[in-house]
There are 2 protein chains.
Amino acid sequence: MTTTFRDIKADVLDRIANGDWGPGVALPSEMELAKTYGCARATVNRALRELAEEGLLDRKRKSGTRVRMTPTRRARFDIPITRREVENRGEIYRYALVWNEEKTAPGWLAARMGLNTGTPVQHIICMHYADGNPFQYEDRWINLLALPQVRDTNFSTVSPNEWLVATIPFSDAEIGFSSVSADENLSRHLGCAEQDALFQMDRSTWFEGKPVTFVKLYFQRGYRMATKY
Amino acid sequence: MTTTFRDIKADVLDRIANGDWGPGVALPSEMELAKTYGCARATVNRALRELAEEGLLDRKRKSGTRVRMTPTRRARFDIPITRREVENRGEIYRYALVWNEEKTAPGWLAARMGLNTGTPVQHIICMHYADGNPFQYEDRWINLLALPQVRDTNFSTVSPNEWLVATIPFSDAEIGFSSVSADENLSRHLGCAEQDALFQMDRSTWFEGKPVTFVKLYFQRGYRMATKY
DNA sequence: GAGTGGTCTAGACCACGTT
DNA sequence: ACGTGGTCTAGACCACTCT
């Protein structure tokens, strides 16, 4: 039986768990490990590279590989489009446009997205429903200089969410999670009481270096975003 | 100049962005791509493997590689220990123990952690402060069958958070984010009004398959957890 | 059965960072 | 200058899965 990179990952994790290799301790070099495990250096390399990417090891040329001082773990979240998320729960998805207007970027938005003041933007507000119940309130701004074709798009049947992922298949983004109190408008659309604590996700998106869109998503009361890691 | 796996990733991303390879489209096989890029198959393999891990491609033996139908992106969050998080903001960290008691697991906890009813657990409540202001309220339960040494640990100076990462350097975990309204107890400890919307993180942790701890962390009002991806 | 990705090997050269 | 990780190569065998 040959040694796989998974075997090596497991063994290194064991040694860290047992305390053989405590925080800050330097591991043997890849060549030495390859010899002890009886495998090629590439195999050791892949194992250690993945552990480093998972946040458990620090690697530097010349200095070698060390166990991280504070083993910060990295959680990964899949951010699906809203329709998918609802359908994956086995619920029926419905979409409704609430507001659609062209205007010039207000100051706070220009600052947030890195736009010049006076940049034309499209402001879209819409609702996503699951089994007829309010699921998510979407408040989106799109930079019309980056995506002028938004002006010719009818968002009464297609959500800007889906239209964007079809138009821009990937992008750089910054995402944030926080908690907000429902105001009168949110409580009305989401069918909750004013002051109710709502989970909020905000996201700024760039495409080829240019700011494209900024969105705030407000989830139904009690929503929980979860993952394993 | 040789073709690197980064070159290939960039080129594949370009083709997806341009629409050459739309959602659902099958890419050429690794061997063909290696020939067109003029590089080894291993190089193509790494590029495509990483793109698949990032959520842009689907790969299956025999069927080959396809562009994902809904290009769900994956956001990664670093989950640091609380002290580190405060110190990284350039603020002074302080810790205080609020409650520490051994009891048997209540029903909801047993269900949540997968424990037998009657399992002894330690219930610890503590506060984390940043520059003297309440930063985080920690409500933790530890399975004493998995970590009996908790009984002999003094948590008045060391937070269970730090003690655990030192004792269990890594673990499997499930993590969730949500939003809650501050009750009387939380508002008192966090120095906010009742009903204020608070960001909450919960985490269940397993070590070697055994449930170890369950914790709810309540953050100060206005807290935002952010990342780029 | 056949085609695809998954992985390992043995060797090589390079980039970086410490000395 | 030198040791370490970072990456590429050419080849090989295997595991999965579709037909």
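Numbered from 1 within each chain, the chains take letters A, B, ... in sequence-line order. Predicted model, so just to flag it, every value in this text is computed and none were measured.
Atom pair A:Ile8:CD1 and D:dG5:C1' shows a separation of 15 Å (rounding to whole Å applied). Distance, B:Asp7 CG to D:dG6 P: 18 Å, rounded to whole Å. Distance, B:Asp58 CG to C:dG6 P: 11 Å, rounded to whole Å. If you take OH of B:Tyr37 and P of D:dC8, they are 13 Å apart, rounded to a whole angstrom. Atom CE in B:Met31 sits roughly 14 Å away from atom P in C:dA2 (whole-Å rounding). Here D:dT4 presents its C1' atom at 12 Å from CZ of A:Arg66, a figure rounded to the nearest Å. Nucleotide D:dT4 holds its C1' atom 16 Å from the CZ atom of A:Arg49, rounded to whole Å. Atom NZ of B:Lys35 is separated from atom P of D:dT9 by 16 Å (rounded to the nearest Å).
Taking the side chain of A:Thr65 as heavy atoms from C-beta on, and the options C:dT4, D:dG5, C:dT7, the nearest nucleotide is D:dG5.
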Side-chain donor-acceptor contacts of residues 31-38 of chain B below 3.5 Å, not counting sequence neighbours, with atom names and distances?
{"from": "B:Glu32", "atom 1": "OE2", "to": "B:Ser29", "atom 2": "OG", "distance (Å)": "3.4"}
{"from": "B:Thr36", "atom 1": "OG1", "to": "B:Leu33", "atom 2": "O", "distance (Å)": "2.9"}
{"from": "B:Tyr37", "atom 1": "OH", "to": "B:Asp11", "atom 2": "OD2", "distance (Å)": "2.5"}

Please report, to 0.1 Å, the donor-acceptor pairs under 3.5 Å made by any side chain of residues 88-97 of chain A, with sequence neighbours excluded.
{"from": "A:Asn88", "atom 1": "ND2", "to": "A:Arg84", "atom 2": "O", "distance (Å)": "3.4"}
{"from": "A:Tyr93", "atom 1": "OH", "to": "A:His128", "atom 2": "ND1", "distance (Å)": "2.6"}
{"from": "A:Tyr95", "atom 1": "OH", "to": "A:Phe155", "atom 2": "O", "distance (Å)": "2.5"}

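Between B:Leu48 and A:Thr3, the residue anchored closer to the 5' end of DNA chain C is B:Leu48, taking for each the nucleotide with the nearest heavy atom.
Between the A:Asn18 side chain and the A:Asp20 main chain, no donor and acceptor come within less than 3.5 Å of each other.
Phosphate contact (OP1/OP2 of D:dG6, side-chain N/O of A:Asn45, threshold under 4.0 Å): present. Close to C:dT9, at under 4.0 Å from its OP1 or OP2, lies a side-chain N or O of A:Thr43. Taking 4.0 angstrom as the limit, A:Arg59 places none of its side-chain polar atoms (N or O) nearer than this to OP1 or OP2 of D:dT4.
In summary, the side chains of A:Ser178 and A:Gln200 do present a donor paired with an acceptor at a separation below 3.5 Å, with no hydrogens or angles considered. A:Glu174 and A:Ser204 are not linked by any side-chain donor-acceptor pair at a separation below 3.5 angstrom, with hydrogens and angles left out of the test. The closest side-chain donor-acceptor pair between B:Arg140 and B:Thr213 falls under 3.5 angstrom.
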B/S/- along nucleotides 10-19 of chain D (protein heavy atoms under 4.0 Å) is --B--BBBB-
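If you look at B:Phe177 and B:Phe199, their ring centroids are closer than 6.0 Å.
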